[in-house]
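Every number for a ligand or one of its atoms is a count from 1 in the order of the listing. Model, not experiment: these values are computed from the prediction.
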Amino acid sequence: MYSPEKDGEVLLKGIKMDRKKTVLVSGGAGYIGSHTSVELINAGYDVVVIDNLSNSEKDSIEGIKRITGKNVPFEIVDTCDQEALKKVFEKYEFDSVIHFAAYKAVGESMAEPLKYYTNNLISFMNIVEMMKKYNRPNILFSSSATVYGEAEILPVTEETPRQAPTSPYGNTKQMSEDILRDCCRAYAVLHGIALRYFNPIGAHPSALIGELPRGVPNNLVPFVTQTAAGIRECLSVFGNDYDTPDGTCLRDYIDIVDLAKAHVAAVNRMVAGKMEDKYEIFNIGTGNPVSVLELLTTFEEVNQLKLPYKIVERRPGDVTAVWADTAKANNILGWKAERTLGETLKSAWEWEKRIRKI
Ligand code: UFG
């Protein structure tokens, strides 16, 4: 039997946690997880973070503590490891779990599908299984706008049909949504919300936490900030012959702090017992389509610098345009994106400058 004292874990001695106000955040050292932990704490929740640090750094836990001034119990745990996860559920009392821990590189998932299916699905099923076993009612799952693929009608609502996934990564998001829906239907204790994120960008205004891609970034904004920092020579814009106003793709770029606050709104809803269905889905975006060139121009303007870029071939698998209808999140969660694209791109650059010591 696991014993906190015997295993040297004394973190929680003397700390009383109210299970309704405590949230387990898996993948909480990562980009979205760390920002969400901060906003949960700001909203009065206690947070327990687990992360295997496979794509994140322990520094982000320090960042969360510095921003909030609060202690954050942190355990290095791989959510695929059922025994380790069991210990977490036995040690801490919490009603809600936010599950971020997953691999997220679309290209890598095409090259290594098994790695993605194994990690993303087993970790998610382990979490759901533990919640059922230990009577923990509320689960929030990180889904993605990738489930909409190339939608016929824009903006996409939560009712827009999902498209056949174009990558194993996207497939794990769809499969996890389905697993959650079925489990909420079948098991009385479980209530679930899936948040479908559009394109999360930016960093905390303190520049103490932000996105830390390993190797060459796949996503636009980390590539932009690394190019501005001189780490990359030139940004490649993937195609300017799309059927859009300036020929480049349209996306819905959502500020990371706004996105984090959407998680707080969703947890509030679950904790207050206000869900209308046992499983609900919300789009989390701004509702504003922005082209790649618009984003680059805004980045240059707000940060007063010039960005070297060239137009290259389209990137295989990119959809022309996708942006959110946010009415459901606005009306039901009472949440709305607030920061402007300029503010967000400024925060992205401040973060890059801090970590590169520029
Ligand atoms: N882009 C460039 N140059 C780059 C990187 C990206 O021009 O160096 C362009 C892309 O072609 C696309 C846009 O910038 O038009 C955004 O690309 P990202 O890679 O930043 O984001 P995606 O929209 O491709 O994908 C993101 C997430 C996925 C998620 C998807 C949901 O990375 O995990 O949104 O829509 F599934």
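Using cut-offs of 30° and 60° for the angle between ring planes, the Phe89 and Tyr134 rings count as tilted.
Nearest non-hydrogen protein atom to atom 29 (C) of ligand 1 is Ser144 OG, 3.4 Å. Among protein heavy atoms, atom 3 (N) of ligand 1 sits closest to Ser236 O, 2.7 Å. Protein heavy atom closest to atom 21 (O) of ligand 1, with residue, atom name and distance, is Asn199 ND2, 3.1 Å. From the protein, the heavy atom lying nearest to atom 19 (O) of ligand 1 is Arg315 NH2, 2.8 Å. Among all non-hydrogen protein atoms, the one lying nearest atom 15 (O) of ligand 1 is Cys249 CB, 3.0 Å. In this structure, atom 9 (C) of ligand 1 lies nearest to the protein heavy atom Val292 CG2, 3.8 Å. In this structure, the protein non-hydrogen atom closest to atom 11 (O) of ligand 1 is Asp318 OD2, 2.5 Å. For atom 32 (O) of ligand 1, the closest heavy atom belonging to the protein is Asn219 ND2, 2.6 Å.
Closest of all the heavy-atom pairs between Ser123 and His99 is OG-NE2, 3.6 Å.
For ligand 1, the polar-atom distance check against Tyr197 finds no nitrogen or oxygen pair separated by under 3.5 Å. When only interatomic distances are considered, the shortest N/O to N/O separation between Ala145 and ligand 1 does not fall below 3.5 Å. On a distance-only criterion, Leu220 and ligand 1 share at least one N/O pair closer than 3.5 Å.
Contacts between Arg314 and ligand 1, counted as non-hydrogen atom pairs separated by less than 4.0 Å, are absent for every part of the residue. Within the 4.0 Å heavy-atom criterion, the part of Asn218 lying near ligand 1 is the backbone and not the side chain.
Using a 4.5 Å heavy-atom cutoff, the side chains of Glu211 and Pro213 are in contact. Using a 4.5 Å heavy-atom threshold, the side chains of Leu85 and Asp81 count as separate. Looking at Leu24 and Phe94, their side chains come closer than 4.5 Å, going by heavy atoms from C-beta outward.
Distances from atom 23 (O) of ligand 1 to the heavy atoms of Lys173, Arg251, Arg232 show the closest one on Arg251. Relative to atom 1 (N) of ligand 1, the option among Tyr242, Tyr169, Phe223, Phe238 with the closest non-hydrogen atom is Phe238.
Annotation: Phe223, atom CZ; neighbour count of heavy atoms from other residues, nucleotides and ligands within 6.0 Å is above 12.
In this structure, Tyr253 is part of the shell of residues with a heavy atom less than 4.0 angstrom from ligand 1. Using a non-hydrogen distance threshold of 4.0 Å, Tyr148 does not register as a contact of ligand 1.
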Begin with the C-alpha distance, continue with both residues' side-chain angles, and end with the deciding distance and a verdict on side-chain hydrogen bond (donor to acceptor under 3.5 Å, both in side chains) for Glu300 and Tyr309.
CA-CA 12 Å; Glu300 290 184 327; Tyr309 75 85; over 6 Å; no
Output, in order, the C-alpha distance, side-chain angles, deciding distance and verdict of side chain to side chain contact (heavy atoms under 4.5 Å, CB included) for Val267 and Asn138.
CA-CA 8 Å; Val267 171; Asn138 309 318; over 6 Å; no
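With Asp255 as the fixed residue, the side chain to side chain donor-acceptor pair (under 3.5 Å) test singles out one of Thr286, Thr344, Thr340: Thr344.
The six-membered or imidazole ring of His263 lies near that of Tyr197, with a centre-to-centre distance under 6.0 Å. Phe141 and Phe124 have their aromatic ring centers within a separation under 6.0 angstrom.
Below 4.0 Å from some heavy atom of Val237 lie the following atoms of ligand 1, by number and element: 7 (O).
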